[in-house]
J.: 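My questions will all concern the structure given below.
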2 protein chains.
Amino acid sequence: MTTPKTREDVVRAAGRLFAERGYHGTSMRDLGQELGILGSSLYSHIDGKDQLLVEVIRRGAAMFQGLADEVMASPGTAAERMRALVEGHVRIITEHVDEAATFLNELRFLPVEDRAGLIALRDGYQRAFRRLIEEGVEAGEFRPIEDPAMTSTFVLSVLNALVRWYRPAGPAEPDEIASRMYEFVMEGLT
Amino acid sequence: MTTPKTREDVVRAAGRLFAERGYHGTSMRDLGQELGILGSSLYSHIDGKDQLLVEVIRRGAAMFQGLADEVMASPGTAAERMRALVEGHVRIITEHVDEAATFLNELRFLPVEDRAGLIALRDGYQRAFRRLIEEGVEAGEFRPIEDPAMTSTFVLSVLNALVRWYRPAGPAEPDEIASRMYEFVMEGLT
DNA sequence: CTGTCACCAACGACCGTTCGTTCGTGTCGC
DNA sequence: GCGACACGAACGAACGGTCGTTGGTGACAG
């Protein structure tokens with residue numbers, strides 16, 4: 001009757017449920033129900049639950065890493081590239097909330113053999129922000145900042161928190177969110 | 001031999017494990033082991049696992065609400081009170097990471113009958129930030145801000161993310177963190 | 001006819017929780 | 001001062017249920 005489910009369907013549904021209920025809050029039977037099949041039927045497509053978590057998180061990590069690579073390789077002032085990072089980050093989250101949320105929230109539940117590598121990716125992404133801030137300070141575009149590492153954490157805090165409150169049905173348009181975020185990150189409250 | 005555990009011990013250990021492994025990632029036997037007793041022995045002190053979650057989160061919520069009440073009732077410019085909020089928030093998190101992290105991360109796993117009330121507390125706390133921002137704009141202390149609600153989300157994003165990276169053993173002192181955060185929230189990067 | 005995909009029943013492990021019991025400690029009547 | 005007794009805290013076995021996972025079987029599409 002209904003067309004059979006693909007491995008792709010399974011991974012996408014897993015992202016959705018992991019984001020919504022957390023990895024440990026999602027059972028294979030839950031996941032099956034989401035797809036209209038039994039939990040045991042999932043094993044026609046995948047090898048195990050933890051593999052699903054790895055795959056979903058890998059996708060999240062890849063998107064952010066791709067953005068950082070692209071922006072950091074492009075020309076432009078620090079401010080321009082910061083704007084590109086903010087816009088790209090917001091676009092990734094608004095278009096792929098589930099993978100992004102799982103990447104940001106469930107990293108600690110990865111099997112040990114995958115954890116370190118993916119955490120390194122996340123740290124690499126943050127390092128792009130730090131380097132950009134340092135460049136901006138050196139170029140005199142930004143104010144003198146004593147602790148660029150901590151400051152990059154602040155910037156990323158604002159960006160990452162979007163997965164916690166963004167709802168596609170919500171009143172705010174992605175472009176507007178990106179603009180306001182960039183504004184806030186650059187100027188603060190004053 | 002060893003002194004018996006109190007209900008207080010149990011709640012504290014629960015906060016620690018819920019923060020570290022998440023609610024669904026923590027079993028009663030895990031929790032017992034953390035205290036050096038059996039999982040079943042916990043029921044001499046408590047009625048059920050979900051009660052523990054409620055209690056830990058209640059403590060987290062109470063601390064933040066207390067801070068907001070205190071600061072908002074005090075005199076001072078918007079900037080002064082913003083500094084007080086930031087400092088208080090950082091102090092709460094650095095001194096009670098576990099309750100704070102559980103409050104911020106595990107709200108969605110609360111039993112339905114407790115969820116709405118505690119979410120309302122969280123929203124009330126955020127509303128304090130929004131009101132303060134509005135006051136600051138009206139008084140001309142802050143720049144004109146078109147969307148104070150979203151901006152309050154940004155500020156709180158920076159503050160709340162602290163539970164994700166603060167480690168007591170880390171290099172950064174709480175005072176220094178609070179100063180840098182206030183600086184960033186007020187001035188941004190430029 | 002072959003391979004894919006789902007079903008179904010079942011596995012052992014673990015889940016939250018209950019129960020009967022034990023052991024030590026402190027209280028109180030005598 | 002001493003025995004009886006209630007109590008808090010923990011044990012250990014067991015409960016029904018759910019977990020992730022396996023293997024066998026059949027339906028149905030290419």
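Side chains are part of it too, since the values below use all heavy atoms of this structure and drop only hydrogens, waters and symmetry mates. Chain letters run A, B, ... following the sequence lines, proteins first, then strands; residues in each count from 1.
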J.: Kindly write out the residues that satisfy ring-ring contact (aromatic ring centres under 6.0 Å, His included) with A:Phe142, not counting sequence neighbours, or none if the list is empty.
T.: none

J.: B:Leu42 has an atom CG; how far is it from atom C1' of D:dG8, in whole Å?
T.: 15 Å

J.: If you only use heavy atoms from C-beta on, which nucleotide in D:dT21, C:dA6, C:dG16 is closest to the side chain of A:Lys5?
T.: C:dA6

J.: Measure from NZ on A:Lys49 to P on C:dA13 and round the result to the nearest Å.
T.: 19 Å

J.: Considering only distance and modelled atom types, tabulate donor-acceptor pairs under 3.5 Å from the side chains of residues 174-183 of chain B, sequence neighbours left out.
T.:
{"unit_1": "B:Ser179", "atom_1": "OG", "unit_2": "B:Asp175", "atom_2": "O", "d": "3.2"}
{"unit_1": "B:Arg180", "atom_1": "NH1", "unit_2": "A:Glu146", "atom_2": "OE2", "d": "2.8"}
{"unit_1": "B:Tyr182", "atom_1": "OH", "unit_2": "B:Ala79", "atom_2": "O", "d": "3.4"}

J.: Of all the nucleotides listed (D:dT22, C:dG16, C:dC5), which has the minimum atom distance to the side chain of B:Met28?
T.: C:dG16

J.: Please report the distance, rounded to the nearest Å, between CG in B:Leu38 and P in C:dT18.
T.: 16 Å

J.: Nearest whole Å is fine: how far is D:dG17 C1' from A:Arg29 CZ?
T.: 10 Å

J.: Do the side chain of B:Ser44 and the base of D:dA10 come within less than 3.5 angstrom through a donor-acceptor pair of N or O atoms?
T.: yes

J.: As a quick check of understanding, evaluate side chain to side chain contact (heavy atoms under 4.5 Å, CB included) for B:Gln65 and B:Arg122, giving each step before the final call.
T.: CA-CA 8 Å; B:Gln65 203 202 12; B:Arg122 186 198 54 183; over 6 Å; no

J.: Rounded to whole angstrom units, what separation is found between the CG atom of B:Asp30 and the C1' atom of C:dG16?
T.: 12 Å

J.: Tell me the interatomic distance from A:His24, atom NE2, to D:dT18, atom C1', rounded to whole angstroms.
T.: 15 Å

J.: With respect to the phosphate group of C:dC15, does any side-chain polar atom (N or O) of B:Ser27 fall under 4.0 Å of OP1 or OP2?
T.: yes

J.: Judged by modelled atom types alone, do B:His45 and B:Asp9 share a side-chain donor-acceptor pair under 3.5 Å?
T.: no

J.: OP1 or OP2 of D:dA10 sitting under 4.0 Å from any side-chain N/O of B:His45?
T.: yes

J.: Does a nitrogen or oxygen in the side chain of B:Ser40 sit under 4.0 Å from OP1 or OP2 of C:dT17?
T.: no

J.: Round to a whole Å and report the spacing from CD1 of A:Ile37 to P of D:dG20.
T.: 14 Å

J.: How would you label the contact of B:Thr6 with the nucleic acid (heavy atoms, under 4.0 Å): base, sugar-phosphate, or nothing?
T.: nothing

J.: What is the distance, to the nearest angstrom, from the CG atom on B:Asp50 to the C1' atom on C:dC15?
T.: 14 Å

J.: Taking atom types as modelled, is there a side-chain donor on B:Thr153 or B:Gln126 under 3.5 Å from an acceptor on the other?
T.: yes

